[in-house]
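These notes are about the structure you will find just below.
Reminder, nothing fancy here: chain letters follow the sequence lines and each chain counts from 1.
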Amino acid sequence: MNLTCLYEMMDKAFDVENWWPSESPFEIMIGAILTQQTSWESVDRTLRTMRREGVLSPSSMASMDGARLEDIIRPCGFYRQKAERVQSLARYIVERYGGSPSPLLEKEVEEARRELLSLKGVGKETADSILLFAGHRPVFVAASYVSRVLERTGVFSSRDYDEIQRFVESSLPGPPEHLARLYALFVQLAKTYCKSSPLCHQCPLREYCPFPRQTRK
DNA sequence: ACCCAGGTGGCCC
DNA sequence: GGGCCACATGGG
């Protein structure tokens, strides 16, 4: 069992087209922060409210009332720090780039990543999600879901973010779409089958999983 | 009444 | 450089 084989198996089992829906790169950046430790359903609700209220752009979000932003984000949890962080991100884009995230996302990958990581509320996983899904850059997101599946299938055992990222990026070269698709498949698989023991036994990868009864990370 | 979710930053040693 | 902890709501 190697990564390519795993990729093909998951690809056969799941449909992850339009896995990270959005109308703009900025929306992906905001969604990436909101979805930290939060289900996508809650994030989706908040993003729809933002769109409806017309605050899903750097300039409008930068200047809106903080308490109102907190209210909109509340369903996502950690709403105070998330409100502060997304607004400071919006202001950063307005002040530094005149309101468009494109110049940042189009910088050389290493530089863009460093810049994203310097923002409060943007760690490795969030930065890489933004680079991959908003910037279409060839960067893999080595989320905890990923290490869980890699470990359980015996493909690669490590908890170290950078190590997993290097492993995947070097094992699966090619266009960024593959890395995005692979990441989506990992999350989809873990979400669907790794949550509970009964589901685990129906996993399409159960024959390859060395820990068939393990249900938690 | 638990446990978990498409993590991060701050503090401690 | 790793091990805890707070952050917080919503759903199973």
Does [N] have OP1 or OP2 under 4.0 Å away from a side-chain N or O of [X]?
{"X": "A/Tyr79", "N": "C/dA8", "answer": "no"}
{"X": "A/Arg148", "N": "B/dG6", "answer": "no"}
{"X": "A/Arg45", "N": "C/dG11", "answer": "yes"}
{"X": "A/Tyr161", "N": "B/dG7", "answer": "no"}
{"X": "A/Thr38", "N": "B/dG7", "answer": "no"}

Of all the nucleotides listed ([options]), which has the minimum atom distance to the side chain of [X]?
{"X": "A/Arg85", "options": "B/dG9, C/dG10, B/dG7", "value": "B/dG9"}
{"X": "A/Trp40", "options": "B/dG7, C/dG11, B/dG6", "value": "B/dG6"}
{"X": "A/Arg80", "options": "B/dG7, C/dG10, C/dA8", "value": "C/dA8"}

Look only at the side chain of A/Arg113 and the backbone of A/Leu131, and say whether a donor-acceptor pair between them is shorter than 3.5 Å.
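No, because the side chain of A/Arg113 does not come within donor-acceptor range (under 3.5 Å) of the backbone of A/Leu131.
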Verify, without hydrogens or angle tests, whether A/Ser129 (side chain) and A/Ala127 (backbone) share a donor-acceptor contact under 3.5 angstrom.
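Judged by distance alone, no pair lies under 3.5 Å.
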By nearest nucleotide on DNA chain B, pick out whichever of A/Lys120 and A/Ala143 is the more 5' one.
A/Ala143
Would you mind telling me which residue lines up with the more 5' stretch of DNA chain B, A/Leu117 or A/Glu41, judged by nearest nucleotide?
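Its nearest nucleotide lies further toward 5', so the answer is A/Glu41.
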Spacing between [X] atom [atom1] and [N] atom [atom2], to the nearest angstrom:
{"X": "A/Lys82", "N": "B/dG9", "atom1": "NZ", "atom2": "P", "value": "13 Å"}
{"X": "A/Gln81", "N": "C/dT9", "atom1": "CD", "atom2": "C1'", "value": "13 Å"}
{"X": "A/Leu199", "N": "B/dA5", "atom1": "CG", "atom2": "P", "value": "13 Å"}

Same-atom distance (P) from B/dG6 to C/dG3, integer angstrom:
24 Å
If stacking means aromatic ring centre less than 5.5 angstrom from the base's six-membered ring centre, planes under 30°, is A/Phe133 stacked on B/dG6?
no
Decide whether A/Tyr92 and A/Glu115 meet the rule of one side-chain donor and one side-chain acceptor closer than 3.5 Å.
yes
Are the charged groups of A/Asp71 and A/Arg74 less than 4.0 angstrom apart, N to O?
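Yes, this pair counts.
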Can you find a donor-acceptor pair, distance only, under 3.5 Å between A/Lys191 side chain and B/dG6 base?
yes
